[in-house]
Amino acid sequence: METVRAVQPSRKSASSRGARIRADARRSLRKHWRFYLLIIPPVLFFILFKYVPMLNAVIAFKDYNIIKGVWGSPWAGFKHFRLFFDNPVFWVLIKNTLIISLYHLVVAFPIPILLAIGLNEVRSGFFRRTVQLVTYAPYFISTVVMVSIIMLLMSPRLGIINIAMQHLGMETVNFLGDPGIFRSVYVWSDVWQTTGYSAVIYLAALAGVDPALYEAARVDGASRMQKILHVDIPGLLPAAVIILILSVGNIMAIGFEKIYLLQNPLNTGTSEIIATYVYKIGLLNANFSFATAVGLFNSVINLILLVLVNALARRISNNSLW
Amino acid sequence: MQTSRTRIRIRESFGDRLFLTVVYILLTAVLLIVLYPLVYIFSSSLSSPAAVSSGRVWLLPIDFSLVGYKAVLNNAQVLTGYGNSLFYVIAGTLISVTLTVILAYPLSRRSFFGRNALMIFIVFTMLFSGGLIPMYLVVKQLGMIDTRWALLIPQAIWVWQVIITRTFFQVNIPDELVEASEMDGCSDLRFLWSIVVPLSKPIIAVLVLMYAVGQWNAYFDALIYLKSQALHPLQLVLRNILILNTATGNMEASEMVKRQQMADLMKYSLIVVASLPVLIIYPFVQRYFVQGMLIGSVKG
């Protein structure tokens with residue numbers, strides 16, 4: 001099939017290929033006209049709520065004025081971008097965003113893999129099911145509730161963590177008031193909430209490993225540790241690479257909702273990230289053009305990272321998104 | 001027992017048994033770490049205001065009482081929020097699932113011309129977006145600000161769900177079935193409704209669950225698009241009470257202390273009340289969630 005397609009264009013002229021495609025389209029349209037009607041609402045959704053916002057992002061290059069609208073407002077060139085780059089807050093935001101993301105990536109990427117490998121070793125069905133059921137559950141707690149739980153458990157006055165620390169003779173810590181601890185609170189609470197959920201993919205990958213490989217490992221006298229290193233880990237690799245690419249592609253888009261809710265005036269030194277800044281400047285201060293410029297900068301960096309990591313992964317491991 | 005059972009099969013070395021023991025210990029530790037905060041919150045919610053405020057609860061409820069729940073259920077804001085959330089969940093899920101299925105099915109049919117272009121058109125929105133403010137402007141231009149539509153429509157379709165649904169259809173609806181029904185003169189819509197949908201219960205269950213949980217837990221859209229309190233979903237009400245701590249006017253000191261204790265307790269009860277519906281249903285539907293993630297991981 002592939003070879004036929006590759007040979008044909010050289011023999012047949014381009015116009016007859018075009019004609020064939022048009023004929024295909026006509027046939028499909030005649031046969032499936034109901035489908036084409038059916039997809040109008042969802043396609044309209046994508047145009048209205050995904051592509052129109054992309055067009056609206058031109059206000060980053062304009063001085064947006066509510067009365068004149070997106071297209072009527074005067075052009076401003078790169079003014080808002082320059083304002084952002086020259087602003088001392090620029091480096092703080094970049095630094096905070098990157099540090100929290102990388103910290104999150106380094107911790108939250110390997111732990112689900114370890115959990116899956118551990119669960120895979122367990123033979124008792126009941127124990128395994130219980131651990132899975134319980135670790136999976138926090139995933140369903142909403143962000144608002146999750147942040148409330150963090151605040152209650154870590155409160156300096158009543159939080160169980162501080163009470164326990166007092167009993168152990170340690171001093172109370174204001175976890176959410178200390179900019180140095182904020183990142184750890186964010187990252188580790190996220191690990192608590194999502195590890196069980198993330199492990200499912202890896203468990204599936206492990207279940208798909210060819211049993212013959214385990215047989216062979218056993219016959220060769222591999223220990224459990226060696227079996228994990230030489231059978232489990234290679235079996236997990238494809239899934240792990242895809243998830244790693246996706247996480248790197250999201251590195252600038254970390255949990256905005258959670259960070260915004262966890263923020264307070266004491267910890268903004270480390271908790272102010274690009275997304276929270278965009279929200280405050282844009283919607284609370286109504287500085288639409290500037291906030292859009294900041295957000296656009298963020299999206300572009302994200303896209304570049306995703307493309308780079310994908311290319312890198314394809315070269316190194318032959319696994320990639322596209 | 002452990003050793004005798006393993007000895008019958010292949011004899012495990014000392015190192016392996018030690019390794020397995022360490023795995024069990026670590027997993028038990030993980031289990032306790034995840035479980036403890038949940039148990040603690042639940043126990044606190046069932047204790048008396050004074051016990052909670054003095055920090056005496058650490059595992060089981062102290063001075064068992066239901067006053068926290070009474071206070072929560074008597075709070076008009078909470079009840080309105082609950083009602084609103086229920087509406088958003090039902091209406092939103094209905095809209096989202098319908099749109100996802102009618103988009104994913106044509107995408108799964110090889111004879112549907114333009115499916116690859118359409119797929120790229122959809123997947124691209126996963127990689128790049130206009131951002132918060134441009135999106136806000138669209139919702140505003142459409143006159144959806146401060147209406148219930150703002151929570152139902154702008155986030156209705158998740159690209160990821162379209163991908164897994166399409167993959168499910170491709171794998172589970174054989175071409176022979178399509179051909180046979182075409183021979184019998186069955187139209188595309190009829191086929192979708194009377195054959196595809198009944199055959200796709202697992203994926204539809206997954207979609208319903210994912211979208212419903214998403215709606216139940218969402219708060220940010222409500223925060224930016226809704227002004228009237230009467231429309232606020234539960235999560236936004238929760239944020240006002242739990243995180244922003246909006247409460248209390250002027251009153252006497254003893255009354256203040258009581259109020260403060262009550263407010264502390266109410267937070268725990270509120271957390272339980274807000275999370276319980278999802279957590280109660282979850283063990284029964286867990287396998288669907290797992291199934292959903294697995295379908296999603298099949299390369300399509």
Side-chain angles (χ1 to χ4, degrees), chain A residues 24-25 28-29 32 34-35 38-39 41-42 45-46 48-50 52-54 56-57 70 115 118 121-122 131 133-138 140-145 147-149 152-153 158 160 163 192 200-201 204 218 223-225 239 257 261 278-279 282-283 288 291-292 295-296 299 303 306, chain B residues 10 13 15-16 19-20 23 26-27 30-31 34-35 37 40-41 55 58 99 102-103 106 111-113 121-122 125 127-138 154 156-157 187-189 213 217 219-220 224 235 238-239 242-243 264 267 271 274-275 278-279 282-283 286 290 293-294 297:
Chain A
D24 276 354
S28 178
L29 194 63
H32 292 311
R34 293 181 182 87
F35 282 165
L38 211 55
I39 63 164
F45 166 88
F46 278 96
L48 270 180
F49 296 107
K50 302 288 178 182
V52 173
M54 286 183 210
N56 276 355
V70 172
L115 178 66
E121 292 298 305
V122 169
V131 174
L133 188 77
V134 169
T135 52
Y136 205 102
F140 296 100
I141 295 173
S142 73
T143 314
V144 173
V145 167
V147 170
S148 316
I149 291 178
L152 284 172
L153 297 186
L158 284 173
I160 185 82
I163 292 174
W192 181 83
V200 172
I201 282 287
R218 204 190 297 174
S223 70
R224 277 177 182 272
M225 195 63 204
E257 297 194 0
L261 289 174
V278 167
Y279 171 66
L283 286 181
F288 285 9
T292 305
L296 203 57
S299 300
L303 187 62
L306 186 68
Chain B
I10 282 190
S13 70
D16 275 0
F19 182 75
L20 195 61
V23 168
L26 286 179
L27 286 178
V30 168
L31 182 72
V34 175
L35 201 55
Y40 172 77
I41 302 261
W58 69 275
L99 287 176
I102 62 177
L103 178 60
S111 55
F112 184 73
F113 182 82
F121 171 81
I122 291 165
T125 63
L127 304 180
F128 188 75
S129 76
L132 177 69
I133 310 291
M135 180 73 178
Y136 177 83
L137 291 178
V138 170
I157 305 179
S187 81
D188 283 334
L189 291 192
V213 170
N217 286 344
Y219 92 99
F220 187 67
I224 56 179
Q235 301 297 332
L238 290 181
R239 171 178 177 263
L242 291 171
I243 295 173
D264 288 337
K267 288 183 180 176
I271 287 176
S275 312
V278 185
L279 288 181
Y282 147 71
Q286 188 209 14
V290 173
M293 283 198 70
L294 301 190
S297 66

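Predicted model, so just to flag it, every value in this text is computed and none were measured. Every chain is numbered from 1, with letters handed out A, B, ... down the list of sequences.
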*asked:* A side-chain contact here means heavy atoms from C-beta on lying under 4.5 Å apart; do B:Pro106 and A:His32 qualify?
replied: no

*Part of B:Phe128 lying under 4.5 Å from any heavy atom of chain A*: both

_Residue A:Leu153 versus chain B: region with a heavy atom under 4.5 Å_ = side chain

*Between CZ of A:Phe46 and OG1 of B:Thr125, what distance do you get to the nearest 0.5 Å?*
5.0 Å

*Heavy-atom contact with chain A under 4.5 Å, split by part of B:Val138*: both

*Which portion of A:Leu283 sits near chain B, non-hydrogen atoms under 4.5 angstrom*: both

_Any side-chain heavy-atom pair of A:Leu38 and B:Asp188 under 4.5 Å_ = no

*Measure distances from B:Leu189 to the heavy atoms of chain A and classify the residue's part below 4.5 Å as side chain, backbone, both or neither.*
both

*Which one, A:Leu48, A:Leu296, A:Leu29, leads in non-hydrogen pairs under 4.5 Å with chain B?*
A:Leu48

*Short question: side chain of B:Tyr282, backbone of A:Leu133 - any donor-acceptor pair under 3.5 Å?*
yes

*Under 4.5 Å, counting heavy-atom pairs only, tell me which of B:Gly131, B:Gly15, B:Ala156 racks up the most with chain A.*
B:Ala156

*Roughly how far apart are B:Ile133 CD1 and A:Tyr279 OH, rounded to 0.5 Å?*
9.5 Å

_Spatial distance of atom OH (B:Tyr219) from atom CG (A:Leu261) [nearest 0.5 Å]_ = 3.5 Å

*Under a 4.5 Å heavy-atom cut-off, does chain A meet the side chain of B:Ile41, its backbone, both or neither?*
side chain

*For A:Leu306, is it the side chain, the backbone, both or neither that has a heavy atom under 4.5 Å from a heavy atom of chain B?*
side chain

*asked:* Main chain of A:Phe140, side chain of B:Asn217: is a donor-acceptor contact present, judged purely on distance under 3.5 Å?
replied: yes

*Heavy-atom distance under 4.5 Å to chain A: side chain of B:Tyr136, backbone, both or neither?*
side chain

*Using modelled atom types only, decide if a donor and an acceptor are shared between the side chain of B:Asp16 and the backbone of A:Ser223 within a distance under 3.5 Å.*
no

*Over all heavy atoms of both residues, which pair between B:Pro134 and A:Asn56 is shortest? Give the atoms and the distance, please.*
O-ND2, 3.3 Å

*Given a strict heavy-atom distance threshold of 4.5 Å, which part of B:Ser129 is in contact with chain A: side chain, backbone, both, or neither?*
both

*Do A:Ser148 and B:Leu238 have side-chain heavy atoms sitting under 4.5 Å apart?*
no

